[in-house]
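Note that ligands are numbered from 1 as they come in the structure, with each ligand's atoms numbered from 1 the same way. Quick note: numbers below take in every heavy atom, side chains included, and nothing from hydrogens, waters or symmetry partners.
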Amino acid sequence: MPIKILSKELINQIAAGEVVERPASVVKELVENSLDAGAKNIGVEIENGGTNFIKIVDDGSGMNREDAQLSVLEHATSKLGSIDDLYKISTLGFRGEALSSISAVSEFILVTKNSDSIAGTQVSVKNGEVVVEDVGAAVGTTITVKNLFYNIPARKKYLKTAVTEFNHIVDLFLNYCLAYPSVSWKLTHNGKLVYQFPAGSLVQRVSDVLGDEVCENLFEVDTKLNGLTVRGHLGKPQIARNNRKLQYLFVNGRPVNEFIAAKNIKDAFGSLIPRDYYPVYVLNLHIDPEFVDVNVHPRKLEVRFSEPQLIYRTLYQAVAMILDEQELSRQVNSTELKQFVPLKEVLTQGFAFNKQSVEARFIAPHERNMAPTTPSVETQNFASREGTFSPNPPSAEIPSTQPVATTINREVFIPEYKILGQIQDSYIVVETANSLKIYDQHASSERVQYEKIKREWQIGRIASQKMLIEQNIELSPVEARLINDNLELFQKLGFDISVFGANNFAIAALPTLFTNANAQEIILQIVGELTESIMTLEKISEPVDKIFKMMACRSAIKFGDRLSVSGMEALINDLEKLDNQYTCVHGRPCILEFTFNEFKKLFKRN
Ligand code: ADP
Ligand code: MG
């Protein structure tokens, strides 16, 4: 082929390929523009995963007609004046490429008005043709992007399903929601509201996005170190996940997916988090823009730090300091210690009544952290962070008032008790140092099971066990649809279900708590709890919680079950280790306690 100069249109389309990879990249650029324009309300409307319709509505500064016309030209930006500015970028955009690129590969309509203009301006771009018109508009900007890549079929081919593309948009959207809690955000898909977050504090936003369970288990971070500021929230060790999804780091308001930074944050947790688990965090790092080069990636997905080691060290130190400051456990002094049942016994006996092998049991990090750090049980010592600081501790510029490397102990000790016996095969009677306690065995066991299910869910999925023989079940179409729509939920609950035929399913594994049970019965019970509402798998929603309660109730020790002494002991120990031990999941009491002082009064011995 002879050499020829490419047409302007083709040049634009090629350039657009760098900026616009998929619908989510359009959303990213437009949302960043809205944030740069100081918007307080940003709405994102998507249809079919953004493949044929994306609309971003903001109430930012807007543009006058002249700027609106310029904005869609290549290399048009109001954010950069000279080469010096490039090294102190404080806006999200600066390359002046987004609108020109997006409008080169879509049917593009921009409607905008600033406070100085009487009329709004509409700029439409299609096939390189720009049309400018008067239009009625409020202050702000609305951009509609239709039929992405309509003119580049080769690229359109690479788009994934609408579901996948939408998931990318959701990921990105939630990142910005967490980075900008003072902005109110809304996302709709195919006309249905998906997320709506009112402007508020970061804690409020974290709770909206990551759920109450996460929100209730956070440490606040607000530290100035090494000339940098680190602010945000750090998940307690017990909510660590087996994936990296709940890790949000923003550098000067820019979501950054930085592996080494993430690793440093995890390292600071030391052995508080098992090896294959990852801490949850939402952290904002503020640094003088001069130290960050944001111009290293066309889609601005990466940043380069001029002193990366300083950043990593700061993150490590900030996290380590917060963890050291926190009292992760009740401190127990040595005289109190003597009165307690050695935890080793608790741990070894804790499984007895479960009728399941210890190997099959999923041990949550939260539970591992319950292991004490006393020398007598040092094999169980998962929790101490002592010695987890790197052999070359970072040359700390930590204020002298801050403890540097204290040990975090997580001790749960159970006061000594004596089991007097079981009455009516239903209640366990126990003597402690100063009281008589009666445990309702079903209520207690239900509470224990419920907390265990909840913990396992929070860190991944509920422990599951393969069945010796697969069970095939056939359900009604309505029930089958509920299962089909919630296969992921069932998987997370510990079921292995495969679909064959319209209403038939093969069950290959059940949650460990239900080994040997009738699969169909349990699945139907869960189906019964399922509503048509969307199940959020990250957060414990009301329907999910109901399922937990049902599972807890079904798998609990029954009234009338005769228990061995070790079975009773295991139940009591498991219950006493919990924070919430006083009621069963239905609100009935688990324990009645009568102090010996009360006895004295009752027998009129005072
Ligand atoms: P950049 O953001 O890198 O400057 P863009 O192509 O994204 O480049 O946008 C070009 C210019 O259009 C911006 O510099 C800004 O002045 C203007 N602009 C774009 N989007 C908006 C918006 N939502 N509100 C106000 N001005 C906008
Ligand atoms: Mg931009």
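- Considering Leu323, Leu272, Leu246, Ile273 in turn, Ile273 is the only one that fulfils the side-chain contact (heavy atoms from CB on, under 4.5 Å) rule with Pro279.
- Any N or O atom pair closer than 3.5 Å counts here, and Asp58 shares at least one such pair with ligand 1.
- Applying the 4.0 Å criterion to heavy atoms of Ala37 picks out, from ligand 1, the atoms 24 (N), 25 (C).
- Listed by number with element, the atoms of ligand 1 under 4.0 angstrom from any heavy atom of Thr141 are 22 (C), 23 (N), 24 (N), 25 (C).
- The closest side-chain donor-acceptor pair between Asn33 and Glu29, if any, does not fall under 3.5 angstrom.
- Among the atoms of Ser61, none of the N or O lies under 3.5 angstrom from an N or O of ligand 1.
- From Leu228, atom CG reaches atom CG of Leu310 across 5.0 Å, with rounding to the nearest 0.5 Å.
- Geometrically, ligand 1 and Ala98 share a nitrogen or oxygen pair separated by less than 3.5 Å.
- Using a 4.0 Å heavy-atom cutoff, Glu29 is absent from the residues neighbouring ligand 1.
- Within the 4.0 Å heavy-atom shell around ligand 1 one finds Ala76.
- Residue Gly96 has at least one N or O atom closer than 3.5 Å to an N or O atom of ligand 1.
- Salt-bridge annotation for Asp134 and Arg65: present, with a side-chain N of the basic residue lying under 4.0 Å from a carboxylate O of the acidic one.
- Residue Leu99 has at least one nitrogen or oxygen atom sitting less than 3.5 Å from a nitrogen or oxygen atom of ligand 1, judged on distance alone.
- A 4.5 Å side-chain heavy-atom check between Val57 and Ile42 finds every atom pair outside the cut-off.
- The side-chain hydrogen bond (donor to acceptor under 3.5 Å, both in side chains) search around Asn147 returns Glu107, not counting sequence neighbours.
- Two rings, from Phe173 and Trp185, have their centers less than 6.0 Å apart.
- Residue contacts with ligand 1 for Glu97 involve N, CA, C or O but no side-chain atom from C-beta outward (heavy atoms, distance under 4.0 Å).
- For the residue pair Asn226/Thr314, the side-chain donor-acceptor check at 3.5 Å is satisfied.
- Contacts of Ser78 with ligand 1, taken as heavy-atom pairs under 4.0 Å, involve both backbone and side chain.
- Taking the ring centre of Tyr278 as origin, the terminal cationic atom of Lys266 falls inside the region bounded by 6.0 Å and 45° from the ring axis.
- For a threshold of 3.5 Å applied to N or O pairs, the pair formed by Thr77 and ligand 1 contains at least one separation below that value.
- Distances from the Mg ion (ligand 2) show that Asn33 has an N/O/S atom below 2.8 Å.
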